[in-house]
Trainee: 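Just dropping this structure here.
Letters go in sequence order (proteins before strands), and every chain restarts at 1. All figures in this text were calculated on a predicted structure; none of them were measured in a lab.
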2 protein chains.
Amino acid sequence: MIRKLGVFVVLSPPELTLLSDLQQRRRTYVAGRDLVDQGQADQAAYILHSGWACSYKLLPDGQRQIVDFQIPGDFLGLRSVLLRISDHSIVPVTDIEVTEVQTSDLLDIFAKTPRLAAAVLWAASRDEAVVVEHLVGVGRRDAAERLAHFLLELGARLALVGMGSKAGFDCPLSQYMLADALGLSAVHINRVLRQMRENGILTFRDGHVTFDNYARLTEFAQFDPTYLDELGPLLK
Amino acid sequence: MIRKLGVFVVLSPPELTLLSDLQQRRRTYVAGRDLVDQGQADQAAYILHSGWACSYKLLPDGQRQIVDFQIPGDFLGLRSVLLRISDHSIVPVTDIEVTEVQTSDLLDIFAKTPRLAAAVLWAASRDEAVVVEHLVGVGRRDAAERLAHFLLELGARLALVGMGSKAGFDCPLSQYMLADALGLSAVHINRVLRQMRENGILTFRDGHVTFDNYARLTEFAQFDPTYLDELGPLLK
DNA sequence: CACCCGTGCTGATCTCGATCAGTTCAGCCG
DNA sequence: CGGCTGAACTGATCGAGATCAGCACGGGTG
């Protein structure tokens, strides 16, 4: 996390102290047991160090919409803290390692180091940009474009933290999770994945995504990654 | 805007000065001409005083996904400033009145008044919560539920600024805009509206939405407004 | 060992909502 | 005045993706 934020902000000694103080509260959580529950109040936020997590909303009829996946370096549940009541749930996809950030720590950060506050706001904006792009996909792209775009985005985000490349990445998600993220049925995800494999543009097998033809894939999905790596002027 | 933020933060004199300094730069813009364009750099943000606006993304093939509508009291283009490059466009739906907020003003706010910074972050989080709920609708609700939920949310947001109630609200949106927001065709929006009118739960006619049966409507749409009015602990 | 259970995978059928192709009506402008 | 445009509205047809039903496999766990 420090590495990641450090890319965007030149950190001063007091800022570094503040951040490293946080490192005391390292925790690990196992895959599958909810970390944050929809409707819960006064949650802590977390910074994800290793493993994948997933934030989702449950509808009363039992349907699930996955809002986003978090990978190492991402915040978990920042919005739950800011709004005080969590409007979504978070579950680790794999076993994860996190550090807890209390509400009071955030207050400290805002009072003492406006630059770090700006960094947090930047991170929140980037998260929102990801959600917005997700919305565009679900609203206006067909199943294949949607899936391709989603996996490309995930690949680009992972590449930023050294866990992926234009060749592919390791991916612990099941076809059911992909379905709930993309607003499709698992059956249909399966079919679309088969078509992409047969067309030689993408293979998802045994927990690994391979971009068989990165150029054709980005063209097909109309993938434009600018929203992922731009840097705000507040942080220059 | 001051009224709205004032609900959430007890403002100190220097904070009030800072805010009222901003009021110098009042502008008006006409309906239909883009205020911010996708891909543009170094945009200003705006605070909306009167009228409605709409933020959307355009796909290369000409399709449009409307991400959110903004009503009086909302920020416009906050994310464009924070990410430096705008990942979306904004167009006034009606003639609007705004005040411009420069990037440098935001820097000021962050440096001088951490509480106002927290308020801005809170506003951004609430915006994100709205987008997330929108995503859930597009991903997992059928056309009727989606439309009902959307109009209820809009009504609740308008009620917060005194422009709507459980009886209904004035709504300048065309069926085409509703379609682009909800990921449906305008034709289908029309049919669904007719069904709701015939079922006596909702009427949308001549620029006015009437909730004919608010209780039945919230039940049908499974509308839960908590995410709209919760207040963060940073602001207490 | 047998027995689950989760995940991947597939064929057959159904359906919601898109698309196409119009009509009507209310401004608005020459 | 007639012609034009944009929005609301409607019927007929089509198709992407859901749903249902089922098989195969591999890795736990009694």
Trainee: Could you pull out the closest heavy-atom pair between D95(B) and A31(B), with the gap in Å?
Mentor: OD1-N, 2.8 Å

Trainee: Using whole Å, report how far CG of L147(A) lies from P of dA16(D).
Mentor: 17 Å

Trainee: Is there a side-chain hydrogen bond (donor to acceptor under 3.5 Å, both in side chains) between Q102(A) and E100(A)? Walk through the geometry before answering.
Mentor: CA-CA 6 Å; Q102(A) 306 285 355; E100(A) 202 176 298; 2.7 Å; yes

Trainee: Could you tell me the separation between the CG atom of L193(B) and the C1' atom of dA7(D), rounded to a whole number of Å?
Mentor: 13 Å

Trainee: Which angle, to the nearest 10 degrees, lies between the helix axes at the two ends of the helix from dC1(C)-dG30(D) to dG30(C)-dC1(D), each defined by five pairs?
Mentor: 20°

Trainee: side-chain hydrogen bond (donor to acceptor under 3.5 Å, both in side chains), that's the test. Do Q43(A) and S80(A) meet it? Break it down for me.
Mentor: CA-CA 6 Å; Q43(A) 271 302 131; S80(A) 308; over 6 Å; no

Trainee: Is N190(A) near enough to dC9(C) that one of its side-chain N or O atoms lies under 4.0 angstrom from OP1 or OP2?
Mentor: yes

Trainee: Think R194(B) has a side-chain N or O under 4.0 angstrom from the OP1 or OP2 of dT10(D)?
Mentor: yes

Trainee: I'd like to check E153(A) versus V130(A) (side-chain heavy atoms, cut-off strictly below 4.5 Å). Are they in contact?
Mentor: yes

Trainee: Atom CD of Q175(A) and atom P of dG6(C): how far apart are they, to the nearest Å?
Mentor: 16 Å

Trainee: For R216(B), give me all partners under salt bridge (Lys or Arg N to Asp or Glu O under 4.0 Å), at least two apart in sequence or on another chain.
Mentor: none

Trainee: Checking T203(A) against T210(A) for the side-chain hydrogen bond (donor to acceptor under 3.5 Å, both in side chains) test, could you report, in this order, the C-alpha distance in whole Å, the side-chain angles of both residues, the deciding distance, and whether it holds?
Mentor: CA-CA 5 Å; T203(A) 309; T210(A) 308; 5.4 Å; no

Trainee: Of the options R197(A), M196(A), Q195(A), which is the one that meets L202(A) in a side-chain contact (heavy atoms from CB on, under 4.5 Å)?
Mentor: M196(A)

Trainee: Between the protein and nucleotides 23-30 of chain D, which nitrogen or oxygen pairs are less than 3.5 angstrom apart?
Mentor:
none

Trainee: Expressed in angstrom and rounded to an integer, what is the separation of Q195(B) atom CD from dC9(D) atom P?
Mentor: 13 Å

Trainee: N/O contacts under 3.5 Å, protein versus nucleotides 12-22 of chain C?
Mentor:
unit_1  : atom_1 : unit_2  : atom_2 : d
dA12(C) : N6     : R191(A) : NH2    : 3.1
dG17(C) : OP1    : A143(B) : N      : 2.8
dA18(C) : OP1    : S185(B) : N      : 2.9
dA18(C) : OP2    : S185(B) : N      : 3.2
dA18(C) : OP2    : S185(B) : OG     : 2.8
dT19(C) : O4     : R191(B) : NH2    : 3.1

Trainee: Using the side-chain hydrogen bond (donor to acceptor under 3.5 Å, both in side chains) rule, collect all pairs that involve residues 185-194 of chain B, keeping only residues at least two apart or in two chains.
Mentor: Q175(B)-N190(B)

Trainee: Which residue pairs pass the ring-ring contact (aromatic ring centres under 6.0 Å, His included) test with at least one member in residues 124-171 of chain B, sequence neighbours excluded?
Mentor: F69(B)-F150(B), H149(B)-F223(B), F169(B)-F211(B)

Trainee: Do Y29(A) and D34(A) get their side chains close enough for a donor-acceptor pair, meaning under 3.5 Å?
Mentor: no

Trainee: Over how many whole Å does the gap from Y176(B) atom OH to dT5(D) atom P extend?
Mentor: 15 Å

Trainee: Rounded to whole Å, please give me the gap between CZ in R205(B) and C1' in dC9(D).
Mentor: 10 Å

Trainee: Quick one: pull up CD in Q65(B) and NZ in K57(B) and give me the separation to the nearest 0.5 Å.
Mentor: 10.5 Å

Trainee: Between D180(A) (CG) and dT7(C) (C1'), how many Å, whole number?
Mentor: 14 Å

